[in-house]
Amino acid sequence: MAETDELEQSRAALQMINPAPYNAEAPPEALVGDITPTDFHYVRSNFAVPTHDGTFTIGGAVENPISLTLDDLRSMPAIERSVTLECAGNGRLAMRPLPTGEPWGDYAVSTARWTGARLSDVLAMARPNDDGVEVRFEGADHGPYHLHPVLPNVDGGDLTFVRSLPLALAADPATEILIAYEMNGEPLRPDHGAPFRVIVPHWFAVASVKWLHRIDVLTEPYAGEFQTGHYIYEWPDRPHEPVTVMRVRARITDPESGSVLAAGPHTVRGKAWSGSGPITNVEVSLTGEGDWLPATVEPPKGPYQWQDWTFEWVPPNDGRHTLRARATDAAGNVQPEVPPWNRLGYGNNSVEVIFVDVE
Ligand SMILES: Nc1nc2c(c(=O)[nH]1)N[C@H]1C(S)=C(S)[C@@H](COP(=O)(O)O)O[C@H]1N2
Ligand SMILES: [Mo]
């Protein structure tokens, strides 16, 4: 599709990894503040930005099928939440052997303020039947799937982006799943799912369906390319598992890897996040030999967003130094040293290593 100047402008600050479909990493600045400015928020789309007719329909196993517009959504009670979104493929480039899939470095992660209606309120209007088990979300985007491993012409080469969630999760007001229509106080931009999208806090962002066009309550579990074909951990030595919540991870944001520092004390800074509980510990290692020293972790500023951490570092001598940071969450999950290899390259949360030179 022809790309407008506005769309091009909104992409100018990103690091493109694929022009079509457009996929791009955030710049390092995206991780500095609590909130990533929209210009810096990573973009991951499986198809071109679609046209959207401005409505979405809720049907399937419900008593009261309905269609809603943006105005209908805006007239419902609104909530605003800061949510860290991370692509399940983030960090894929560090896996060996290199899995197929988009070659993401480590910047397919960002945090925005999302405003919308609660999915649970929308579902309640449609009144799901008692035999409902899952909720299926369909985007308006479709086309030939660029990552299909064998059969590029499956379904006539025209797949649609569809994902599902358990009904119990989707209908629970406590999970605060949103149908969002604003991002950082502005209407959603085309790359981020305009006019409205799902936001599923704590989950890898594949669950947060953009350009939402249909919701259906299902009486059987959903199977489809983006649910059971891709977004599955295909472990070499244990049963396959679906990709669900984000894995515990810390990033070092300051100093930048490869930078040159003056001798003397430095505050090392970073972010840490997890989909399975707040971050309880970040530790830093200065030797590569497992001398993990405690960093100071800031309390969460909200239930669904990354946390800040700092470590006061006094380099003992000039020369090259390595720094590693490792996070643990409240559920006891801790980052592994080595990427947890799986065939499609999801969920690489291995410990980050940077180096700096002190002069
Ligand atoms: N309709 C639709 N929704 C989608 C996708 C897509 O390709 N189509 N990609 C998903 C994936 S894999 C990710 S990581 C996030 C990215 O959201 P963002 O582009 O706003 O950062 O959107 C998710 N929602
Ligand atoms: Mo993703």
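Note that ligands are numbered from 1 as they come in the structure, with each ligand's atoms numbered from 1 the same way. As the structure is a prediction and not an experimental result, all values here were calculated from the model.
Nearest protein heavy-atom contact of atom 3 (N) of ligand 1 is Lys210 N, 2.8 Å. When hydrogens are left out, the protein atom nearest atom 12 (S) of ligand 1 is Tyr231 OH, 3.3 Å; that is the closest non-hydrogen contact. For atom 23 (C) of ligand 1, the closest non-hydrogen atom of the protein is Ala205 O, 3.2 Å. From the protein, the heavy atom lying nearest to atom 11 (C) of ligand 1 is Val206 CA, 3.7 Å. From the protein, the heavy atom lying nearest to atom 14 (S) of ligand 1 is Tyr42 OH, 3.2 Å. Ranking protein heavy atoms by distance to atom 2 (C) of ligand 1, first place goes to Phe161 CD2, 3.2 Å.
Remark: Glu134 does not engage Arg136 in a salt bridge, criterion side-chain N to carboxylate O under 4.0 Å. The pair Glu138-Arg163 does not count as a salt bridge, with every side-chain nitrogen at least 4.0 angstrom from each carboxylate oxygen. Between Lys301 and Glu298 there is no salt bridge, since no side-chain nitrogen of the basic residue lies less than 4.0 Å from a carboxylate oxygen of the acidic one. Look at Asp308 and Lys271 and you find a salt bridge, because one of the NZ, NE, NH1 or NH2 atoms lies within 4.0 Å of a carboxylate O, short of that distance. A salt bridge between Asp216 and Arg214 is present, with a side-chain N of the basic residue lying under 4.0 Å from a carboxylate O of the acidic one. Ion pairing of Glu86 with Arg249 is present here, as a side-chain N (NZ or NE/NH1/NH2) and a carboxylate O approach within less than 4.0 Å.
Of the polar atoms of Ser208, at least one N or O is found under 3.5 Å from an N or O of ligand 1, judged by distance alone. Residue His192 places at least one N or O, backbone or side chain, under 3.5 Å from an N or O of ligand 1. Some N or O of Asp141 is nearer than 3.5 Å to an N or O of ligand 1, by distance alone. Note: an N/O pair closer than 3.5 Å links Arg44 and ligand 1 by distance alone.
Numbered from 1 in the order shown, with element, the atoms of ligand 1 that lie under 4.0 Å from a heavy atom of Trp211 read 1 (N), 2 (C), 8 (N). Each of the following atoms of ligand 1 lies closer than 4.0 Å to a heavy atom of Cys87: 14 (S). Every atom of ligand 1 with a heavy atom of Ser45 under 4.0 Å away is listed here by number and element: 7 (O). Listed by atom number, the atoms of ligand 1 under 4.0 Å from His41 heavy atoms are 21 (O). With ligand atoms numbered from 1 in the order given, ligand 1 contributes 1 (N), 3 (N), 24 (N) to contacts under 4.0 Å with heavy atoms of Val209.
A donor and an acceptor atom, one from each side chain of Thr84 and Gln305, are nowhere located under 3.5 Å apart.
Note: Arg118 CZ to Ile79 CD1 = 4.0 Å, rounded to the nearest 0.5 Å. How far CD of Gln227 is from CD1 of Ile232: 7.5 Å, rounded to the nearest 0.5 Å. Atoms CH2 and CG, on Trp211 and Asp53 in that order, are 15.0 Å from each other to the nearest 0.5 Å.
Looking at Tyr145 against ligand 1, nothing comes within 4.0 Å, counting heavy atoms. Here Arg197 has side-chain heavy atoms under 4.0 Å from ligand 1, and that is the only part of it that gets that close. Looking at Asn46 against ligand 1, both its backbone and its side chain come within 4.0 Å, counting heavy atoms.
Between Tyr145 and His230, a ring centre-to-centre spacing shorter than 6.0 Å is recorded.
Phe226 does not count as a contact of ligand 1, since none of its heavy atoms falls under 4.0 Å from the ligand.
The aromatic rings of Phe196 and His52 lie perpendicular to each other, with more than 60° between the two planes, well past the 30° mark.
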